[in-house]
Amino acid sequence: MGKKGNALHYHLMLAPGMLFIIIFGIIPLFGIAIAFQDFIPVKGISGSKWVGFDNFVYMFQLDDSKRILFNTLYISILKMIMQVIVPVGTALLLHELMFNRMKRWFQTIIYLPHFLSWVILAGILTDMLSAQGIVNKLVKGVFGESVFFLGSNFWFPIVVVLSDVWKEFGFNAIIFLAALTAINPSLYEAAEIDGAGRLRKMWSVTLPGILPTIVLITTLNIGQVLNAGFDQIYNLYNPLVYQSGDIIDTYVYRIGLVQYQFGLATAVGSMKSLVGFVLIFISYRLAAKYANYRIF
Amino acid sequence: MLPSVKRRIRTTDVLLLLLMIVITLLCLLPLVYIVSLSLSGKSAAAAGQVTLFPVDFTFYSYKYMLSDHRFFDAFGVSVKRVLIGGAINFVLTILMAFPLAKERSEFKSRNLYIWIIVFTMMFNGGLIPWYMVIKNLQLTDTIWALTLPTAVPIFNVILLMNFFRNLPKEISEAATVDGAGPWRMLLRISVPLALPAIATVTLFSVVNHWNAFFDGMILMNKQSNIPLQTYIQQLVVQPVVSSTTRAEDLINFSQRTFNAAKIVVTMLPILVIYPFLQKYFVSGITLGSVKE
């Protein structure tokens, strides 16, 4: 029934999008060559000197490397843990709530910060955490002196993780809420007949019910472990906290587009991309195997 | 909701409610604070007296903002970007998601396309090669630098594709029997049925365009070409009192309240469209992303 003809139309529909994917997704892959060069922009890729693995060797020798890798993993793993615990807790709380109309309101409000940019939120946070800000007013009232949150290597990662949780927990709770509504109500009835109280039901029915979703989300997050959040950190940090806040992405931006060390920046960037690719591949495989998850 | 019919409201229920109110307020208070700050007088802001309500209520910051042409230039760039970029995203997302939702038996090359798309989503050349491609195409300092590299929002394509796949097969079979071709099927059947999902992905892409600051920062060199978020970002990261500031204004406002006003105006569009679209995205995202 003209299936061949249909395929032609499908190719046509995909053509414009594929064109952009090739230009902005595939062609930059060839630019990875820069990582093996002492790249000078005016000479281009064909004119610059090839240096083999020098950039990579230099990258591993840099003192910064360990610190940056540590910061990236530290911040992103903390975020990962918090971004499961807090949304699950919120979803459970909403699930247990009796007042339906209020529930709708709560949901609308807690999803909202997700849609605001880190530029906006960093603007708000920077003000709130400044010496005259509302947070320091509280801190001063309780402890007697204000804290320089965004200038302290101790506080900076904490601010990063907490503000990330604040922005995303409501939105991340959506998936868990969906999983909660899919739990078979007869399980609760059965538990009630067996004399289970509220906590018992939560522990023995609700939590096991969303466990597969928790495992799935955690597995998928493993693939993102090298993305500690460029937008957020770039907008919050300053030279005082490079020690604790510099992550791979902010580092690549600084050495590449600010200090013009294109070769080194590309080496670091492509390394990150490669490791990230392998991690995503593994995590998707695991998700497909253990949670029967497929995105396509 | 638990299945029990009418339960009595107990103390635990009230406690849970209170807890949820606290959590919700925590989400809202920083936004309320910045609005209050923008509406407060200079000395009150400088002294840190503003908490939840404006102190020495004044619209001065907003009035002053009207005279800042840089803010309006940036606002204009962002609006243009959302309209053009959003439209491109809208068309391409639908055009790509529809054929990719077909079974392999119906569209043989589907898996090859999927493979390429997912590969580019997971693996890329990194910042520098990406930047150089855009520079070599001479897109920098044009609106196309902000709209073409993100022309295909791959995550949205996958969301919509999964939504299309969940539509009942019978409908498309019936339409085929009635002689509908692929384009007719797309425009007359799939798109109308997928409106909630399309609303969701459109919201996502519009929000992404409105919120993006990084590409504006590295791809736009002229100050008049930068989008709003990049402009705000400059205020936050490198706050400088502009040379055009008049002495008389310095008496009446502080940089702090002025920046607060700009932040409020920048988040306003999101706050305005969000309530209308948010009812869609819950069903849209859960249907599209988690398939078990």
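So that the names make sense, note that chain A is the first sequence line, chain B the second, and so on, each numbered from 1.
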(message) Does A:Arg198 form a salt bridge (Lys or Arg N to Asp or Glu O under 4.0 Å) with B:Asp13? I'd like the steps, not just the answer.
(response) CA-CA 11 Å; A:Arg198 200 164 187 168; B:Asp13 292 309; 2.9 Å; yes
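Side-chain atoms of B:Phe107 and A:His11, non-hydrogen and from C-beta on, do get closer than 4.5 Å to each other.
For an aromatic pair to be called close, the ring centres must be under 6.0 Å apart, and B:Phe119 with A:Phe277 satisfies this.
Test B:Ile154, B:Val152, B:Val157, B:Ile116 against B:Met121 for side chain to side chain contact (heavy atoms under 4.5 Å, CB included) and you get one pass: B:Ile154.
Both the backbone and the side chain of B:Ile263 have a heavy atom closer than 4.5 Å to some heavy atom of chain A. Proximity to chain A (any heavy atom under 4.5 Å) is shown, for B:Phe123, by both the backbone and the side chain. In this structure, the portions of A:Ile110 lying under 4.5 Å from any heavy atom of chain B include both its backbone and its side chain. Only the side chain of B:Thr120 comes within less than 4.5 Å of a heavy atom of chain A; its backbone N, CA, C and O stay farther away. Both the backbone and the side chain of A:Leu112 come within contact range of chain B, judged by heavy atoms closer than 4.5 Å. With a 4.5 angstrom heavy-atom cutoff, B:Trp183 touches chain A via backbone and side-chain atoms both. Both the backbone and the side chain of A:Ile23 come within contact range of chain B, with heavy atoms under 4.5 Å apart. Contact annotation for B:Ile94: neither backbone nor side-chain heavy atoms come within less than 4.5 Å of a heavy atom of chain A. Only the side chain of A:Met102 comes within contact range of chain B, with heavy atoms under 4.5 Å apart. With a 4.5 Å cut-off on non-hydrogen atoms, A:Thr266 touches chain B through its backbone and its side chain both. For B:Leu92, the part lying near chain A is the side chain, with the backbone staying farther off; criterion is any non-hydrogen pair under 4.5 Å. Heavy-atom distances place no part of B:Leu228 under 4.5 Å from chain A, backbone and side chain included. For B:Ile218, the part sitting under 4.5 Å from any heavy atom of chain A is the side chain, from C-beta outward, and nothing else. Within the 4.5 angstrom heavy-atom criterion, atoms from both the backbone and the side chain of A:Phe106 approach chain B.
Within the 3.5 Å criterion, the main-chain N or O of A:Phe115 finds a donor-acceptor partner in the side chain of B:Asn211.
If you tally non-hydrogen atom pairs under 4.5 Å between each of A:Lys137, A:Arg104, A:Lys272 and chain B, the highest count goes to A:Lys137.
Aromatic ring pairs are classed by plane angle as parallel below 30°, tilted from 30° to 60° and perpendicular above 60°; the pair A:Tyr237 and A:Tyr234 is tilted. Ring geometry for A:Phe24 against A:Phe20 counts as parallel: the plane angle stays under 30°, on a 0 to 90° scale with 60° as the upper cut.
Considering only residues two or more places apart in sequence or on other chains, A:Phe169 meets the ring-ring contact (aromatic ring centres under 6.0 Å, His included) condition with none of them.
Annotation: the span from B:Gln229 atom CD to A:Trp118 atom CH2 amounts to 13.0 Å, rounded to 0.5 Å.
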